[in-house]
Amino acid sequence: MLTVPLPIALLVIGTLLLTTVMAGTLTSRFGLPALIGFLGLGMLAGVDGPGGIAFNDYVLTQGVGVACLIFILFSGGMDTSWQAVKRMVRPALVLATFGVLISALITASAAVLLLKFTWFQGFLLGSVVASTDAAAVFAILRSTGLDLEGDVPALIELESGTNDPMAIFMVGAALLFIAQPGASPLGLLPDFAGQMAMGVVIGLGIGWLLPELLKRKHYRSSGLAFVISIAAALIAYGLAEVIGGNGFLAAYIAGMVAGNRSYAARRIISTFQDGLAWLGQVVMFLTLGLLVAPTNLVDVIVPGLGITFVLMLVARPVSVFICLAPFRSLDWRAKLFVSWAGLRGAVPIVLATFPMVAGVPGAFTIFNIVFFVVLLSSVIQGPSMKWVAKRLGIGANDKPRSALLASKQP
(Lines give C-alpha, C1' and ligand atoms only; values in the text may rest on other atoms or scores of the structure.)
Protein backbone atom coordinates (compact mmCIF):
# COMPACT_ATOMS: atom_id res chain seq x y z
CA MET A 1 0.00 0.00 0.00
CA LEU A 2 1.41 3.39 -1.05
CA THR A 3 1.93 5.75 1.88
CA VAL A 4 2.56 9.50 1.67
CA PRO A 5 4.45 11.34 4.42
CA LEU A 6 2.11 13.51 6.49
CA PRO A 7 3.81 16.86 5.65
CA ILE A 8 3.56 16.12 1.93
CA ALA A 9 -0.09 15.04 2.25
CA LEU A 10 -0.95 18.24 4.13
CA LEU A 11 0.95 20.33 1.58
CA VAL A 12 -0.98 18.70 -1.27
CA ILE A 13 -4.32 19.22 0.50
CA GLY A 14 -3.56 22.87 1.24
CA THR A 15 -2.42 23.47 -2.34
CA LEU A 16 -5.55 21.81 -3.73
CA LEU A 17 -7.83 23.90 -1.50
CA LEU A 18 -6.13 27.17 -2.45
CA THR A 19 -6.03 26.33 -6.15
CA THR A 20 -9.69 25.26 -6.04
CA VAL A 21 -10.72 28.60 -4.54
CA MET A 22 -8.77 30.45 -7.24
CA ALA A 23 -10.40 28.31 -9.95
CA GLY A 24 -13.86 29.06 -8.53
CA THR A 25 -13.11 32.79 -8.43
CA LEU A 26 -11.96 32.69 -12.04
CA THR A 27 -15.10 30.95 -13.29
CA SER A 28 -17.30 33.40 -11.34
CA ARG A 29 -15.82 36.28 -13.33
CA PHE A 30 -17.29 34.73 -16.48
CA GLY A 31 -20.76 34.49 -14.94
CA LEU A 32 -20.40 30.78 -14.18
CA PRO A 33 -21.11 29.27 -10.75
CA ALA A 34 -17.97 28.73 -8.69
CA LEU A 35 -18.82 25.03 -8.56
CA ILE A 36 -17.65 24.72 -12.17
CA GLY A 37 -14.16 25.75 -11.11
CA PHE A 38 -14.28 23.52 -8.03
CA LEU A 39 -15.44 20.48 -10.00
CA GLY A 40 -13.11 21.20 -12.89
CA LEU A 41 -10.03 21.28 -10.70
CA GLY A 42 -11.12 18.07 -8.99
CA MET A 43 -11.44 16.38 -12.38
CA LEU A 44 -8.00 17.65 -13.42
CA ALA A 45 -6.54 16.25 -10.22
CA GLY A 46 -8.38 12.94 -10.74
CA VAL A 47 -7.47 9.76 -12.52
CA ASP A 48 -8.09 11.12 -16.06
CA GLY A 49 -6.28 14.41 -15.42
CA PRO A 50 -2.65 15.37 -14.97
CA GLY A 51 -3.00 14.88 -11.19
CA GLY A 52 -3.62 11.17 -11.68
CA ILE A 53 -5.25 10.70 -8.25
CA ALA A 54 -7.24 7.45 -8.32
CA PHE A 55 -10.27 7.93 -6.09
CA ASN A 56 -13.46 5.88 -6.23
CA ASP A 57 -14.74 5.73 -2.66
CA TYR A 58 -18.47 6.51 -2.96
CA VAL A 59 -19.14 5.83 0.74
CA LEU A 60 -16.52 8.37 1.83
CA THR A 61 -17.77 10.85 -0.77
CA GLN A 62 -21.32 10.47 0.52
CA GLY A 63 -20.15 11.09 4.09
CA VAL A 64 -18.14 14.16 3.08
CA GLY A 65 -21.08 15.47 1.07
CA VAL A 66 -23.57 15.06 3.92
CA ALA A 67 -21.22 16.74 6.42
CA CYS A 68 -20.61 19.67 4.08
CA LEU A 69 -24.30 20.07 3.28
CA ILE A 70 -25.12 20.40 6.98
CA PHE A 71 -22.99 23.54 7.26
CA ILE A 72 -24.06 24.89 3.86
CA LEU A 73 -27.73 24.65 4.87
CA PHE A 74 -27.11 25.94 8.41
CA SER A 75 -25.25 28.96 7.02
CA GLY A 76 -27.94 29.50 4.40
CA GLY A 77 -30.54 29.55 7.15
CA MET A 78 -28.54 32.10 9.15
CA ASP A 79 -28.35 34.37 6.12
CA THR A 80 -32.10 34.12 5.46
CA SER A 81 -34.00 37.15 6.74
CA TRP A 82 -37.43 36.11 7.98
CA GLN A 83 -38.77 39.62 7.38
CA ALA A 84 -37.69 39.40 3.74
CA VAL A 85 -39.05 35.91 3.00
CA LYS A 86 -42.14 35.53 5.18
CA ARG A 87 -44.48 36.77 2.44
CA MET A 88 -43.24 33.97 0.20
CA VAL A 89 -43.52 31.11 2.69
CA ARG A 90 -46.63 29.52 1.16
CA PRO A 91 -45.57 29.61 -2.51
CA ALA A 92 -42.02 28.55 -1.59
CA LEU A 93 -43.20 25.54 0.41
CA VAL A 94 -45.64 24.47 -2.30
CA LEU A 95 -42.84 24.70 -4.86
CA ALA A 96 -40.38 22.94 -2.54
CA THR A 97 -42.71 19.95 -2.13
CA PHE A 98 -45.23 19.50 -4.93
CA GLY A 99 -42.96 21.28 -7.39
CA VAL A 100 -40.10 18.87 -6.67
CA LEU A 101 -42.48 15.92 -7.09
CA ILE A 102 -43.88 17.18 -10.42
CA SER A 103 -40.39 17.89 -11.73
CA ALA A 104 -39.22 14.42 -10.70
CA LEU A 105 -42.17 12.68 -12.39
CA ILE A 106 -41.67 14.52 -15.69
CA THR A 107 -37.94 13.81 -15.64
CA ALA A 108 -38.67 10.17 -14.79
CA SER A 109 -40.82 9.88 -17.91
CA ALA A 110 -37.95 11.22 -20.01
CA ALA A 111 -35.55 8.75 -18.40
CA VAL A 112 -37.85 5.83 -19.21
CA LEU A 113 -38.00 6.89 -22.87
CA LEU A 114 -34.37 7.91 -23.36
CA LEU A 115 -32.55 5.41 -21.14
CA LYS A 116 -35.00 2.50 -21.16
CA PHE A 117 -35.09 2.70 -17.37
CA THR A 118 -37.82 1.09 -15.31
CA TRP A 119 -40.28 3.55 -13.79
CA PHE A 120 -38.65 3.17 -10.40
CA GLN A 121 -35.17 3.81 -11.83
CA GLY A 122 -36.53 6.80 -13.73
CA PHE A 123 -38.18 8.15 -10.59
CA LEU A 124 -34.88 7.71 -8.75
CA LEU A 125 -33.05 9.78 -11.37
CA GLY A 126 -35.81 12.39 -11.41
CA SER A 127 -35.74 12.67 -7.62
CA VAL A 128 -31.97 13.07 -7.55
CA VAL A 129 -32.00 16.06 -9.94
CA ALA A 130 -35.24 17.64 -8.71
CA SER A 131 -33.87 20.04 -6.09
CA THR A 132 -32.26 23.39 -6.85
CA ASP A 133 -29.19 25.06 -5.36
CA ALA A 134 -29.64 28.40 -3.61
CA ALA A 135 -25.89 28.88 -3.22
CA ALA A 136 -25.32 28.58 -6.96
CA VAL A 137 -28.16 30.96 -7.84
CA PHE A 138 -27.16 33.72 -5.44
CA ALA A 139 -23.48 33.38 -6.28
CA ILE A 140 -24.47 34.15 -9.88
CA LEU A 141 -26.63 37.09 -8.81
CA ARG A 142 -23.77 38.55 -6.75
CA SER A 143 -21.11 38.03 -9.42
CA THR A 144 -23.24 39.63 -12.15
CA GLY A 145 -24.51 42.49 -9.96
CA LEU A 146 -28.11 41.65 -10.84
CA ASP A 147 -30.64 43.22 -8.46
CA LEU A 148 -34.02 41.51 -8.72
CA GLU A 149 -37.23 43.29 -7.87
CA GLY A 150 -40.08 42.39 -5.56
CA ASP A 151 -40.46 38.98 -3.93
CA VAL A 152 -38.62 36.96 -6.57
CA PRO A 153 -35.29 36.75 -4.65
CA ALA A 154 -37.09 35.72 -1.45
CA LEU A 155 -39.05 33.03 -3.29
CA ILE A 156 -35.94 31.60 -4.93
CA GLU A 157 -33.97 31.71 -1.69
CA LEU A 158 -36.61 30.06 0.50
CA GLU A 159 -37.59 27.46 -2.09
CA SER A 160 -33.99 26.45 -2.76
CA GLY A 161 -33.24 26.24 0.95
CA THR A 162 -36.24 24.03 1.72
CA ASN A 163 -36.58 21.72 -1.31
CA ASP A 164 -33.61 19.48 -0.46
CA PRO A 165 -35.49 17.50 2.25
CA MET A 166 -38.25 16.63 -0.24
CA ALA A 167 -35.72 15.43 -2.81
CA ILE A 168 -33.87 13.40 -0.18
CA PHE A 169 -37.12 11.79 0.97
CA MET A 170 -38.08 10.90 -2.61
CA VAL A 171 -34.66 9.37 -3.26
CA GLY A 172 -35.13 7.20 -0.17
CA ALA A 173 -38.62 6.26 -1.36
CA ALA A 174 -37.33 5.35 -4.84
CA LEU A 175 -34.62 3.14 -3.33
CA LEU A 176 -37.30 1.45 -1.21
CA PHE A 177 -39.53 0.85 -4.25
CA ILE A 178 -36.60 -0.68 -6.16
CA ALA A 179 -35.73 -2.96 -3.24
CA GLN A 180 -39.39 -3.74 -2.44
CA PRO A 181 -41.51 -3.30 -5.61
CA GLY A 182 -44.70 -4.07 -3.67
CA ALA A 183 -44.34 -1.13 -1.28
CA SER A 184 -47.26 1.31 -1.26
CA PRO A 185 -46.53 4.98 -1.98
CA LEU A 186 -49.49 6.02 0.18
CA GLY A 187 -47.93 4.19 3.10
CA LEU A 188 -44.99 6.59 2.98
CA LEU A 189 -47.09 9.73 3.50
CA PRO A 190 -47.27 9.46 7.31
CA ASP A 191 -43.52 8.84 7.39
CA PHE A 192 -42.92 11.93 5.24
CA ALA A 193 -45.14 14.11 7.43
CA GLY A 194 -43.41 12.80 10.54
CA GLN A 195 -39.93 13.47 9.14
CA MET A 196 -40.76 17.02 8.14
CA ALA A 197 -42.54 17.82 11.42
CA MET A 198 -39.75 16.38 13.54
CA GLY A 199 -37.15 18.25 11.48
CA VAL A 200 -38.98 21.54 12.06
CA VAL A 201 -39.38 20.92 15.80
CA ILE A 202 -35.72 20.02 16.30
CA GLY A 203 -34.62 22.95 14.16
CA LEU A 204 -36.74 25.39 16.14
CA GLY A 205 -35.41 24.03 19.42
CA ILE A 206 -31.72 24.11 18.49
CA GLY A 207 -32.13 27.49 16.80
CA TRP A 208 -33.59 28.91 20.00
CA LEU A 209 -31.01 27.25 22.27
CA LEU A 210 -27.92 28.46 20.36
CA PRO A 211 -28.49 32.21 21.05
CA GLU A 212 -29.39 31.44 24.67
CA LEU A 213 -25.99 29.79 25.18
CA LEU A 214 -24.18 32.57 23.35
CA LYS A 215 -25.78 35.19 25.58
CA ARG A 216 -23.74 33.87 28.50
CA LYS A 217 -20.87 36.17 29.33
CA HIS A 218 -18.02 33.66 29.07
CA TYR A 219 -19.15 32.51 25.58
CA ARG A 220 -20.12 35.90 24.18
CA SER A 221 -16.75 37.07 22.85
CA SER A 222 -14.55 33.99 23.01
CA GLY A 223 -13.59 31.50 20.32
CA LEU A 224 -15.84 28.98 22.05
CA ALA A 225 -18.80 30.70 20.38
CA PHE A 226 -17.59 29.28 17.06
CA VAL A 227 -17.35 25.79 18.55
CA ILE A 228 -20.87 26.08 19.92
CA SER A 229 -22.22 27.11 16.51
CA ILE A 230 -20.55 24.08 14.90
CA ALA A 231 -22.02 21.84 17.61
CA ALA A 232 -25.49 23.35 17.03
CA ALA A 233 -25.45 22.52 13.31
CA LEU A 234 -24.26 18.95 13.93
CA ILE A 235 -26.68 18.33 16.81
CA ALA A 236 -29.63 19.68 14.81
CA TYR A 237 -28.91 17.25 11.98
CA GLY A 238 -27.88 14.28 14.12
CA LEU A 239 -30.68 14.51 16.68
CA ALA A 240 -33.34 14.86 13.98
CA GLU A 241 -32.01 11.84 12.08
CA VAL A 242 -31.71 9.69 15.22
CA ILE A 243 -35.35 10.23 16.22
CA GLY A 244 -36.69 9.84 12.69
CA GLY A 245 -36.79 13.45 11.49
CA ASN A 246 -35.21 15.15 8.49
CA GLY A 247 -31.77 16.32 9.53
CA PHE A 248 -31.18 18.67 6.62
CA LEU A 249 -34.43 20.53 7.27
CA ALA A 250 -33.54 20.72 10.98
CA ALA A 251 -30.13 22.23 10.16
CA TYR A 252 -31.68 24.85 7.87
CA ILE A 253 -34.44 25.79 10.33
CA ALA A 254 -31.96 25.96 13.22
CA GLY A 255 -29.78 28.32 11.23
CA MET A 256 -32.76 30.50 10.27
CA VAL A 257 -34.03 30.78 13.85
CA ALA A 258 -30.56 31.53 15.23
CA GLY A 259 -29.86 34.03 12.46
CA ASN A 260 -33.04 36.01 13.10
CA ARG A 261 -32.60 36.44 16.85
CA SER A 262 -30.71 39.24 18.53
CA TYR A 263 -27.53 38.48 20.51
CA ALA A 264 -24.03 39.93 20.68
CA ALA A 265 -22.20 37.18 18.77
CA ARG A 266 -24.70 36.88 15.91
CA ARG A 267 -22.68 38.81 13.32
CA ILE A 268 -19.38 37.03 13.92
CA ILE A 269 -21.11 33.63 14.08
CA SER A 270 -22.81 34.34 10.75
CA THR A 271 -19.48 35.33 9.19
CA PHE A 272 -17.79 32.24 10.62
CA GLN A 273 -20.55 29.93 9.35
CA ASP A 274 -20.35 31.57 5.92
CA GLY A 275 -16.67 30.68 5.85
CA LEU A 276 -17.48 27.10 6.89
CA ALA A 277 -20.11 26.89 4.16
CA TRP A 278 -17.57 28.00 1.55
CA LEU A 279 -15.06 25.49 2.88
CA GLY A 280 -17.78 22.86 2.66
CA GLN A 281 -18.48 23.73 -0.96
CA VAL A 282 -14.80 23.64 -1.88
CA VAL A 283 -14.16 20.30 -0.16
CA MET A 284 -17.37 18.73 -1.44
CA PHE A 285 -16.98 19.72 -5.08
CA LEU A 286 -13.27 18.92 -5.08
CA THR A 287 -14.07 15.45 -3.74
CA LEU A 288 -16.88 14.96 -6.27
CA GLY A 289 -14.59 16.12 -9.06
CA LEU A 290 -11.97 13.56 -8.01
CA LEU A 291 -14.65 10.87 -8.07
CA VAL A 292 -15.69 11.51 -11.68
CA ALA A 293 -13.64 10.29 -14.62
CA PRO A 294 -14.40 12.54 -17.65
CA THR A 295 -14.05 9.54 -19.98
CA ASN A 296 -17.10 8.00 -18.29
CA LEU A 297 -19.21 11.00 -19.31
CA VAL A 298 -18.74 10.32 -23.03
CA ASP A 299 -21.26 7.47 -23.00
CA VAL A 300 -23.98 9.62 -21.41
CA ILE A 301 -23.68 12.72 -23.60
CA VAL A 302 -26.77 12.04 -25.72
CA PRO A 303 -29.13 10.92 -22.93
CA GLY A 304 -27.59 13.53 -20.65
CA LEU A 305 -28.45 16.29 -23.12
CA GLY A 306 -31.98 14.97 -23.36
CA ILE A 307 -32.50 14.80 -19.59
CA THR A 308 -30.96 18.25 -19.10
CA PHE A 309 -33.17 19.99 -21.65
CA VAL A 310 -36.31 18.19 -20.43
CA LEU A 311 -35.47 19.30 -16.90
CA MET A 312 -34.70 22.92 -17.85
CA LEU A 313 -37.33 23.52 -20.51
CA VAL A 314 -40.21 21.26 -19.49
CA ALA A 315 -40.07 19.80 -15.98
CA ARG A 316 -38.99 22.89 -14.07
CA PRO A 317 -41.26 25.40 -15.89
CA VAL A 318 -44.30 23.10 -15.71
CA SER A 319 -43.80 22.52 -11.97
CA VAL A 320 -43.32 26.25 -11.33
CA PHE A 321 -46.37 27.41 -13.29
CA ILE A 322 -48.62 24.72 -11.79
CA CYS A 323 -47.51 25.31 -8.20
CA LEU A 324 -47.54 29.11 -8.39
CA ALA A 325 -50.84 29.37 -10.28
CA PRO A 326 -52.86 30.19 -7.11
CA PHE A 327 -50.52 33.03 -6.15
CA ARG A 328 -51.63 36.03 -8.18
CA SER A 329 -48.94 38.35 -6.80
CA LEU A 330 -46.42 36.58 -9.04
CA ASP A 331 -46.95 37.35 -12.73
CA TRP A 332 -45.82 35.23 -15.65
CA ARG A 333 -42.48 37.07 -15.89
CA ALA A 334 -41.60 36.22 -12.29
CA LYS A 335 -42.65 32.59 -12.79
CA LEU A 336 -40.60 32.29 -15.95
CA PHE A 337 -37.51 33.66 -14.23
CA VAL A 338 -38.01 31.34 -11.24
CA SER A 339 -38.20 28.49 -13.75
CA TRP A 340 -34.91 29.50 -15.37
CA ALA A 341 -33.20 30.17 -12.03
CA GLY A 342 -33.51 26.54 -10.95
CA LEU A 343 -29.81 25.76 -11.11
CA ARG A 344 -28.64 22.33 -9.99
CA GLY A 345 -25.63 22.08 -7.70
CA ALA A 346 -24.23 20.13 -4.80
CA VAL A 347 -27.25 18.20 -3.58
CA PRO A 348 -28.02 16.23 -6.79
CA ILE A 349 -24.43 15.00 -7.09
CA VAL A 350 -24.32 13.98 -3.43
CA LEU A 351 -27.70 12.25 -3.77
CA ALA A 352 -26.38 10.42 -6.83
CA THR A 353 -23.94 8.59 -4.54
CA PHE A 354 -26.84 6.99 -2.64
CA PRO A 355 -27.78 4.56 -5.47
CA MET A 356 -24.08 3.72 -5.88
CA VAL A 357 -23.72 2.86 -2.20
CA ALA A 358 -26.99 0.89 -2.28
CA GLY A 359 -25.89 -1.09 -5.35
CA VAL A 360 -28.96 -0.19 -7.40
CA PRO A 361 -28.98 -1.44 -11.03
CA GLY A 362 -28.04 1.42 -13.36
CA ALA A 363 -26.55 3.46 -10.49
CA PHE A 364 -23.32 4.17 -12.40
CA THR A 365 -25.28 5.58 -15.34
CA ILE A 366 -27.43 7.65 -12.98
CA PHE A 367 -24.36 9.12 -11.27
CA ASN A 368 -22.70 10.13 -14.55
CA ILE A 369 -25.91 11.61 -15.98
CA VAL A 370 -26.50 13.64 -12.82
CA PHE A 371 -22.96 14.98 -12.98
CA PHE A 372 -23.48 15.85 -16.65
CA VAL A 373 -26.82 17.57 -15.89
CA VAL A 374 -25.29 19.71 -13.12
CA LEU A 375 -22.39 20.79 -15.35
CA LEU A 376 -24.61 21.62 -18.32
CA SER A 377 -27.21 23.40 -16.19
CA SER A 378 -24.49 25.57 -14.66
CA VAL A 379 -22.86 26.37 -17.99
CA ILE A 380 -26.13 27.25 -19.76
CA GLN A 381 -28.32 28.77 -17.06
CA GLY A 382 -25.64 30.47 -14.98
CA PRO A 383 -24.24 32.95 -17.54
CA SER A 384 -27.69 33.62 -19.05
CA MET A 385 -29.54 34.56 -15.83
CA LYS A 386 -28.77 38.26 -16.09
CA TRP A 387 -29.79 38.33 -19.76
CA VAL A 388 -33.06 36.50 -18.98
CA ALA A 389 -33.83 38.88 -16.11
CA LYS A 390 -33.28 41.91 -18.36
CA ARG A 391 -35.39 40.45 -21.17
CA LEU A 392 -38.21 39.76 -18.71
CA GLY A 393 -37.80 43.15 -17.06
CA ILE A 394 -37.65 41.89 -13.50
CA GLY A 395 -34.40 43.59 -12.55
CA ALA A 396 -34.84 46.53 -10.19
CA ASN A 397 -33.84 48.91 -13.01
CA ASP A 398 -34.99 46.81 -15.93
CA LYS A 399 -38.74 47.34 -16.29
CA PRO A 400 -40.16 46.42 -19.68
CA ARG A 401 -41.29 49.38 -21.77
CA SER A 402 -44.98 48.58 -21.30
CA ALA A 403 -44.59 48.63 -17.50
CA LEU A 404 -42.71 51.91 -17.63
CA LEU A 405 -45.39 53.55 -19.76
CA ALA A 406 -48.11 52.24 -17.46
CA SER A 407 -46.35 53.60 -14.38
CA LYS A 408 -46.25 57.11 -15.92
CA GLN A 409 -49.97 57.24 -16.53
CA PRO A 410 -52.09 58.99 -13.87
Side-chain angles (χ1 to χ4, degrees), residues 32-33 35-36 39-40 43 48 95 99-133 136-137 163 166-167 170-171 173-175 177-178 288-289 291-323 336-356 360-385 387-388:
L32 294 168
L35 70 88
I36 294 295
L39 287 172
M43 295 168 72
D48 282 350
L95 198 53
V100 171
L101 178 60
I102 294 170
S103 183
L105 291 173
I106 294 174
T107 307
S109 302
V112 171
L113 294 175
L114 296 174
L115 296 163
K116 307 303 179 185
F117 275 3
T118 65
W119 274 104
F120 288 149
Q121 288 175 314
F123 183 66
L124 177 58
L125 175 59
S127 300
V128 167
V129 298
S131 65
T132 59
D133 191 327
V137 173
N163 63 13
M166 181 65 176
M170 292 195 312
V171 168
L175 292 174
F177 294 149
I178 292 173
L288 292 168
L291 190 63
V292 172
T295 52
N296 293 332
L297 299 180
V298 175
D299 294 335
V300 299
I301 289 178
V302 174
L305 286 170
I307 296 296
T308 301
F309 287 119
V310 167
L311 184 63
M312 289 194 307
L313 303 178
V314 182
R316 173 69 177 176
V318 168
S319 65
V320 168
F321 275 82
I322 288 177
C323 291
L336 201 56
F337 183 80
V338 171
S339 301
W340 190 249
L343 269 70
R344 269 58 193 176
V347 176
I349 305 179
V350 173
L351 290 181
T353 64
F354 283 63
M356 294 293 296
V360 172
F364 189 68
T365 300
I366 290 175
F367 182 85
N368 288 323
I369 286 181
V370 170
F371 198 91
F372 187 88
V373 168
V374 170
L375 284 178
L376 201 59
S377 169
S378 300
V379 170
I380 294 175
Q381 292 175 281
S384 62
M385 279 182 59
W387 179 84
V388 171

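When a residue number appears, it is its place in the shown sequence, counting from 1.
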[X] versus [Y], closest heavy-atom pair with distance:
X    : Y    : answer
A174 : F120 : CB-O, 4.4 Å
G99  : S319 : O-CB, 3.4 Å
L297 : M43  : CD1-CE, 4.2 Å
S339 : V320 : OG-CB, 3.4 Å
C323 : I102 : SG-CD1, 4.1 Å

For [X] and [Y], indicate whether the former's side chain and the latter's backbone hold a donor-acceptor pair under 3.5 Å.
X    : Y    : value
S384 : W387 : no
T353 : V350 : yes
R344 : A130 : yes
S103 : V100 : no

Result for side-chain contact (heavy atoms from CB on, under 4.5 Å) between T107 and one of V128, I307, V112, V314 points to I307
With I349 as partner, the option from L291, V374, V292 fulfilling side-chain contact (heavy atoms from CB on, under 4.5 Å) is V374
When rounded to the nearest 0.5 Å, the distance separating CG of L288 from CZ of F367 is 6.0 Å
